[in-house]
Protein chains: 2
Amino acid sequence: MIENESNYSASRYRTPDGAPADIVIFTIVSSGKRTKKKALPTRELQVLLIQRKIWPFEGQWALPGGFTKETESVYDCALRELKEETAVDHVKLEYFNAYSAPGRDPRGWMISHAFLALVNERQLAHRAAAVDAMDVRLFPVEEALRLELAFDHRQILSDALQVVRRKMMTTKIAKEFLPEAFTLSELYQVIRTVVPDYEEPNFIRKLTSTKSRSAILEEVKDEKGEPLSSNQYSQRAAQLYRFTDDEPSLSIYG
Amino acid sequence: MIENESNYSASRYRTPDGAPADIVIFTIVSSGKRTKKKALPTRELQVLLIQRKIWPFEGQWALPGGFTKETESVYDCALRELKEETAVDHVKLEYFNAYSAPGRDPRGWMISHAFLALVNERQLAHRAAAVDAMDVRLFPVEEALRLELAFDHRQILSDALQVVRRKMMTTKIAKEFLPEAFTLSELYQVIRTVVPDYEEPNFIRKLTSTKSRSAILEEVKDEKGEPLSSNQYSQRAAQLYRFTDDEPSLSIYG
DNA sequence: TAAATAGTGTCTCTGAGACACTATGAT
DNA sequence: ATCATAGTGTCTCAGAGACACTATTTA
């Protein structure tokens with residue numbers, strides 16, 4: 001029963017040929033409408049892909065990633081690769097699955113570790129400059145899912161998207177896509193960008209009528225305690241909010 | 001930047017020495033009080049451990065698990081090991097993390113894949129018979145966490161416990177610990193066994209006042225549409241319930 | 001009848017939902 | 001004044017919370 005453990009000797013067994021980490025970097029790209037000075041931007045969920053230059057899957061688009069070294073954890077590897085390939089640092093990476101189906105990688109027996117990160121498009125700004133040279137590009141998620149991605153990266157991306165959608169509704173990750181202080185309209189748009197099915201005509205009312213808001217959001221005030229507002233996107237200035245530190249606890253039992 | 005991928009050749013790099021799967025098997029053990037014929041049993045969350053016979057960590061308790069083969073996924077490996085070591089089959093395994101800190105395994109570079117499974121104590125029944133011979137035992141979780149477990153298995157167990165606690169409140173996994181039809185008291189006890197902090201004096205009322213119940217539970221009826229009840233644990237018979245198939249959707253935004 | 005668990009009556013109060021209405025400020 | 005977005009008034013109704021009370025069956 002436990003002979004593998006009892007008699008293990010590294011030299012006697014076939015061992016994996018590598019432990020790559022693949023990173024799904026989501027961002028929301030806002031394209032302000034140029035027709036009017038003030039208007040809510042159009043937002044779109046995008047994912048960062050690289051184009052492979054060599055075998056296998058030469059020329060195809062793939063998730064960024066690379067091989068773990070013996071001296072680092074897979075998390076460290078993902079952090080390192082993310083920094084190397086996108087100059088993005090100080091990001092919360094989330095490990096969400098391993099991919100280990102036999103034959104998934106023509107180079108050999110590779111068990112891949114998939115992480116996802118949400119980064120603000122501002123953090124990707126200087127990266128975007130080097131995009132053409134590096135064969136690195138942001139793709140709208142829906143478009144990326146239609147591409148023939150390398151390896152099982154379409155599956156990984158699809159799984160990542162599901163995780164992000166769930167977390168968008170159940171945690172405060174929306175803040176990764178927002179500035180420190182934001183308006184409720186911005187928040188609503190970010191949620192809708194990630195989870196198109198979410199519709200809440202009374203969104204403002206909902207969050208301003210005590211319960212939910214008090215657990216999640218708080219109004220941003222200046223030094224004198226005056227509420228701060230922004231008219232960046234609208235004629236009428238909108239109250240600014242920030243997320244609280246509370247971790248909302250959810251339960252299906254009430 | 002992407003040189004690892006571009007120039008990869010298995011023979012040129014140090015590769016992992018193995019990809020073990022470790023499985024955290026939780027069960028709830030009910031010990032009926034013998035003093036009275038009918039009384040709610042005392043329930044306790046327990047975890048299945050094996051005692052290692054050889055180096056490394058000889059004699060110490062560890063999570064069951066074993067090495068992945070080239071021809072299987074880590075999930076298949078976990079399923080196989082679970083079946084081999086505990087005779088438990090048809091279980092929903094959940095992958096929840098990878099453990100890859102350098103030096104975590106004295107045998108070499110091992111990236112471990114951790115799964116958890118919730119099994120009804122009935123499913124562990126015949127396994128329990130072979131327990132002494134195999135150096136396999138159930139431990140109360142609190143006790144297991146105080147043991148010096150092999151490898152980083154205490155961390156893995158601790159992480160698994162956190163995952164189970166969260167899922168107990170946010171999904172219907174309670175059903176893994178319950179018979180097909182159960183009373184609300186049983187359900188409440190199971191929840192409390194896993195999440196001791198959860199207290200809800202009005203639990204029955206809460207679940208019987210429409211909203212929550214209708215989404216999660218339904219009354220069990222016989223062929224004539226008569227509600228079924230059980231007096232297994234109480235003088236007065238209690239209504240039996242089962243979980244619906246609906247996946248409850250949670251949101252912090254209301 | 002006492003014990004043990006199951007379940008309800010009833011009250012109050014919050015807040016969800018709907019949707020039309022008002023508010024503000026740039027052009 | 002008009003437009004675009006922000007936010008409120010007001011109504012209704014469901015249901016959460018509290019907690020004492022009743023119900024059912026066995027020993």
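Reminder, nothing fancy here: chain letters follow the sequence lines and each chain counts from 1. Everything quoted here is computed from the prediction, not taken from an experiment.
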Whole angstrom value for the distance that separates P of C/dG15 from OH of B/Tyr253: 19 Å
Any N/O donor-acceptor pair, B/Arg205 side-chain to D/dG15 base, under 3.5 Å: no
Length of the CD-C1' vector between B/Glu200 and D/dA16, whole Å: 9 Å
Separation of atom CD in A/Glu186 from atom C1' in D/dA6, rounded to whole Å: 13 Å
Between D/dG17 (P) and B/Leu207 (CG): distance, integer Å: 12 Å
Interatomic distance where CD1 belongs to B/Ile252 and P belongs to C/dA16 [whole Å]: 14 Å
Rounded interatomic separation in angstrom, taking CG from A/Asn202 and P from C/dC21: 15 Å
NZ or CZ of A/Arg205 within 45° of A/Phe203 ring axis and under 6.0 Å: no
Rounded interatomic separation in angstrom, taking CG from B/Leu184 and P from C/dG7: 6 Å
Selected nucleotide, minimal atom distance to A/Ala238 side chain, candidates D/dA18, D/dG7, D/dA4: D/dG7
Those residues that, when tested against A/Phe182, pass ring pair (Phe, Tyr, Trp, His ring centres under 6.0 Å) (two or more places apart): A/Phe243
From D/dA23, C/dT24, C/dC19, nucleotide with atom closest to B/Arg236 side chain: D/dA23
Closest listed nucleotide, where the reference is the side chain of B/Gln239 and the choices are C/dG7, C/dC19, D/dC19: C/dG7
d(NZ, A/Lys206; P, D/dA6) in whole Å: 18 Å
Qualifying residues under ring pair (Phe, Tyr, Trp, His ring centres under 6.0 Å), relative to B/Tyr99, sequence neighbours excluded: none
Side chain of A/Ser209 (C-beta onward), nearest among D/dG7, C/dA6, C/dA16: C/dA16
OP1 or OP2 of D/dA6 under 4.0 Å from side-chain N/O of A/Ser185: yes
Gap separating the CG atom of B/Leu145 from the NE2 atom of B/His153, nearest 0.5 angstrom: 13.5 Å
Candidates C/dT24, D/dA6, C/dA18 - which lies nearest the side chain of A/Ile204: D/dA6
B/Glu219 bridged to B/Lys221 by N-O distance under 4.0 Å: yes
